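Written out below as structure tokens is the structure these notes cover.
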Amino acid sequence: MRLLRPAKQSALIGKRINSTEIFRDEKAFSSSIDAIIFLVLISISAVILMPTLTADEQYRSASYTSAQDMGTCLMNTIMGSTVDEFEYTLKPTELAGIDVNLLENSILENAEETIFTKEQHHRTFSDLVAESLVLSLYQVDNGTEKPLNPMTQMQSIETENQIEDHLERTIGQRYNYRFEAHWQPVAGYRVQSDIIIGEEAPVNAVKQKARITLPLTFSFTRAEIGEPFSENSIDAAISSPNPDKELHDMFNNSIEIASKGSSVILTEIVFPYDYLSSISGTEVSVNSEQLSCIAGPDDTTYSNPVIQSALGCMNYTKQLYGLNVEVNPDVQSIGLDLVESMNTSITDTNTEQISSHIRDYRADEINQTISLMCNATGGSTRLDLANTQLDAIYRTANPAGADIVLMIW
């Protein structure tokens, strides 16, 4: 028999001992069992919780769908429902700085409301919103908002109250809501108006949008704005020594035409020429039953409150536009020459400011269009390029509507 050396014999015995220890070590086997049991428990939990998780998602989806349906229905009621009685009081006496008093033992309670209250019946909410946006225009100067027609502020307040009451009656405490209406008579211009009701809406709120027309008429058509342009006039400009300048002048002429249309709208809102012309002169026709209930100052210089209020509003407009005209609030009548002078001055000022805005607002696009026109080869291609830009100018001067947004969540 071959005998092993002691060293080799010792090594073999050591290997047998280590193998036995490894076989008997159950730590790895136990860890595997724990992992399997853990995975089984997770699977059981998932089976148990899955219906609940799926139901929550279904509830959220159903809630969102319900909110969408409610938003659509609510917007339809705002656009089509009518308000049977709506009234607001103009506030010209504050601008004029006059005090309208009642005769002793008068059956009336408020002289200002007697003369300056406006009543409307069976108007839709969209009609009230449109009127409010027109009457509540303001301009921003150095971060300060200045109303164009401050005596009509009560119209906006009453409109907001009517809409808020309607929303509360319709959806109560079931949903939160936010109503917004915005209008800019000239896109990007500093003059604008808005109605905002409700708190800030979250990003996941359901939104319904609509666009309403306003009781205004833009005085120029798209065809009139494009009159400076034709294939012949464009060819003549391109063939001139300075085509860039000639084409810029043509676009500026179109902008001037478009700006006059916007200027007429703004001037009519801030300065009611027809009404002021009707009360100009020494004799003013006012409801005698109303005036008979009003007691003026004891002295003989008592003035008609309608005349004094109109003069106060004219003086406010003069300061708003920085006009170089004389408005004497102490006179007893309004001269037609003063009305015409102010109307012309306001129109010219609005036209100049709007034209400057549109030129700056569309400067990059106009420069690019002119560059393309100069490099184009065909007359019809140049005219198409010009018409594309003229369409944009027309939409800037006449956005033709106001946007309404209703959000519920």
Side-chain angles (χ1 to χ4, degrees), residues 78 83 85-100 109-121 123-167 178-186 189-198 212 214-216 265-276 279 290 305-323 327 329 342 346 350 402-404:
I78 291 175
V83 179
E85 295 183 2
F86 179 81
E87 67 177 39
Y88 63 94
T89 302
L90 299 174
K91 296 291 183 179
T93 55
E94 296 177 6
L95 293 176
I98 62 175
D99 183 20
V100 182
E109 295 182 356
N110 188 300
E112 185 177 46
E113 291 183 359
T114 300
I115 300 177
F116 298 114
T117 291
K118 303 294 182 181
E119 296 182 358
Q120 299 176 4
H121 301 281
R123 299 289 300 278
T124 64
F125 284 105
S126 58
D127 290 338
L128 297 180
V129 169
E131 183 181 68
S132 178
L133 292 174
V134 170
L135 296 179
S136 61
L137 279 174
Y138 63 88
Q139 66 182 31
V140 180
D141 292 330
N142 299 322
T144 303
E145 295 181 3
K146 296 181 179 180
L148 267 61
N149 196 348
M151 73 175 182
T152 60
Q153 59 185 333
M154 291 304 298
Q155 200 281 350
S156 178
I157 294 174
E158 293 299 330
T159 297
E160 292 180 7
N161 291 338
Q162 288 283 350
I163 294 175
E164 187 171 13
D165 289 344
H166 175 71
L167 293 175
R178 183 177 176 88
F179 176 89
E180 296 182 4
H182 304 279
W183 179 51
Q184 279 189 309
V186 180
Y189 194 45
R190 61 176 180 164
V191 175
Q192 63 188 60
S193 60
D194 45 55
I195 299 173
I196 299 177
I197 304 171
I212 60 173
L214 300 173
L216 302 166
I265 289 175
L266 285 181
T267 304
E268 288 179 351
I269 293 172
V270 71
F271 192 79
Y273 173 81
D274 292 338
Y275 169 73
L276 293 172
I279 64 173
Q290 293 175 345
V306 174
I307 294 294
Q308 292 301 102
S309 299
L311 287 170
C313 295
M314 292 171 69
N315 192 53
Y316 176 88
T317 304
K318 166 197 168 183
Q319 297 174 8
L320 181 68
Y321 282 93
L323 304 179
V327 179
M342 285 194 64
I346 295 171
N350 278 328
D403 296 313
I404 292 179

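Residue numbers run from 1 in the order of the sequence given. Since this is a predicted model, take the numbers as computed values, not measurements.
- Between Ser132 and Ser156 the shortest heavy-atom distance is OG-CA, 3.4 Å.
- Taking both residues in full, the closest heavy atoms of Leu266 and Pro185 are given as CD2-CG, 3.7 Å, listed atom of the first, atom of the second, then distance.
- Note that the CE atom of Met314 and the CD1 atom of Ile346 stand 8.0 Å from one another [nearest 0.5 Å].
- Residues Tyr316 and Pro150 approach most closely at CE2-CD, 3.4 Å, considering heavy atoms.
- Interatomic distance, CG of Leu320 versus SG of Cys313, reported as 12.0 Å (0.5 Å rounding).
- Contact check for Thr124 versus Val83: no side-chain heavy atoms found under the 4.5 Å cut-off.
- Atom-to-atom distance recorded for Asp127:CG and Leu214:CG is 10.5 Å, nearest 0.5 angstrom.
- When all heavy atoms of Glu131 and Gln155 are compared, the closest pair comes out as OE1-NE2, 2.8 Å.
- Of the inter-residue distances, the one linking Thr159 atom OG1 with Leu133 atom CG reads 9.0 Å to the nearest 0.5 angstrom.
- Side-chain contact check for Thr89 versus Thr117: some heavy-atom pair is nearer than 4.5 Å.
- Side-chain contact between Arg178 and Ile196 is present, with heavy atoms from C-beta onward closer than 4.5 Å.
- The shortest side-chain heavy-atom distance between Met342 and Val327 falls under the 4.5 Å cut-off.
- Across all their heavy atoms, Ile269 and Val134 have their closest contact at CG2-O, 3.4 Å.
- The side-chain heavy atoms of Glu158 and Met154, taken from C-beta on, include a pair separated by under 4.5 Å.
- Asp403 is not listed as a side-chain neighbour of Glu180, based on a closest heavy-atom distance of 4.5 Å or more.
- The closest side-chain heavy-atom distance from Ile157 to Asn161 is below 4.5 Å.
- Between the CG atom in Leu148 and the CZ atom in Phe271 there is a gap of 13.0 Å [rounded to 0.5 Å].
- The residue from Lys118, Gln120, Glu119 that alone fulfils the side-chain contact (heavy atoms from CB on, under 4.5 Å) condition with Phe86 is Gln120.
- Using a 4.5 Å heavy-atom threshold, the side chains of His166 and Phe179 count as separate.
- For the atom pair CG of Asp274 and CD1 of Ile279, the computed distance is 12.0 Å after rounding to the nearest 0.5 Å.
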